[in-house]
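Heads up, the thing below is written out as structure tokens.
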Amino acid sequence: MTRKRTFAPAAAILIACSQVCAQGEPVRLDVAGDAIPRPLTSEPGDAARGRSIVVNRDAGACTLCHAVPGEKTYGNIAPALAGVGARFSPAQLRLRVADSTRVNPDTPMPAYYRTEGFNQVAAAFRGKPLLSAQQVEDVVAWLATLKEAR
């Protein structure tokens, strides 16, 4: 793996953790195949909040690696997000956002909701996900709207 491919995901994690990591006790991920069938929260995801998380470099920082519809600056080391809502169900998107390593152990994408199995995590951030359960649901709600593969 090249230095360029490993730097961007690490930067995304550092940016997200340099702010405030998501609070609250993490919800158990009930994975079925390549998906998390049940939402992580009782409140439905909000697509507008989800888009904001995706494009905000202090939150999801997804544009560091992904081309995001409507954004002018973005990375190119990960698949474009256009059409992702047509390629994957909300349950599949939920797993990819929460812990993409369960789908691809070699992915450079951060596990936004996983809290275990990391090395060298600062004490203040141990056991805390990068995104809250509600933020994961918000991102999933927005990604699910991306049906066109522009």
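- Side-chain atoms of Lys147 do not come within 3.5 Å of backbone N or O of Ala86 as any donor-acceptor pair.
- Here the closest non-hydrogen pair linking Ala141 and Ala47 is CB-N, 3.8 Å.
- Within 6.0 Å of CZ on Arg38 lie no more than 12 heavy atoms contributed by other residues, nucleotides or ligands.
- Thr41 and Gln134 share a donor-acceptor pair across their side chains, judged by distance under 3.5 Å alone.
- Taking 4.5 Å as the limit, some side-chain heavy atom of Ser89 sits within range of a side-chain heavy atom of Gln92.
- For Arg114 and Phe118, the positive end sits near the middle of the six-membered ring, less than 6.0 Å away and at most 45° from its axis.
- Put simply, the side chain of Asp34 reaches to within 4.5 Å of the side chain of Arg96, judged on heavy atoms.
- Between the side chain of Arg57 and the backbone N or O of Leu64 there is no donor-acceptor pair closer than 3.5 Å.
- Separating the CD1 atom in Ile77 from the CE atom in Met109 is a distance of 11.5 Å, to the nearest 0.5 Å.
- Counting heavy atoms from C-beta on, the side chains of Val140 and Leu40 never come closer than 4.5 Å.
- Note on Arg28 versus Glu116: no salt bridge recorded, every NZ/NE/NH1/NH2 to OD/OE distance being 4.0 Å or above.
- Between Trp142 and Gly50 the shortest heavy-atom distance is CB-C, 3.9 Å.
- The CD1 atom of Ile53 sits 10.5 Å away from the CD atom of Glu137 when rounded to the nearest 0.5 Å.
- To the nearest 0.5 Å, atom OG of residue Ser132 and atom CG of residue Asp138 are 7.0 Å apart.
- Between atom CZ of residue Arg102 and atom OG1 of residue Thr107 there is a gap of 14.5 Å, rounded to the nearest 0.5 Å.
- Checked by atom type and distance alone, the side chain of Tyr112 never pairs as donor or acceptor with a backbone atom of Asp99 at under 3.5 Å.
- Side-chain contact between Leu95 and Ser100: absent, with no pair of heavy atoms (C-beta onward) separated by less than 4.5 Å.
- Put simply, OH on Tyr113 and CG on Leu131 are 10.0 Å apart, with the number rounded to the nearest 0.5 Å.
- Distance check: Cys62 SG to Leu143 CG gives 7.5 Å after rounding to the nearest 0.5 Å.
- For Leu130 against Pro110, the heavy-atom pair with the smallest separation is CD1-CB, 4.1 Å.
- A side-chain donor-acceptor contact under 3.5 Å links Arg94 to the backbone of Ile36.
- Residues Leu81 and Pro69 are in side-chain contact: their nearest non-hydrogen atoms beyond the backbone lie under 4.5 Å apart.
- Leu146 pairs with exactly one of Leu93, Val68, Val54, Val84 by the side-chain contact (heavy atoms from CB on, under 4.5 Å) rule, that one being Val84.
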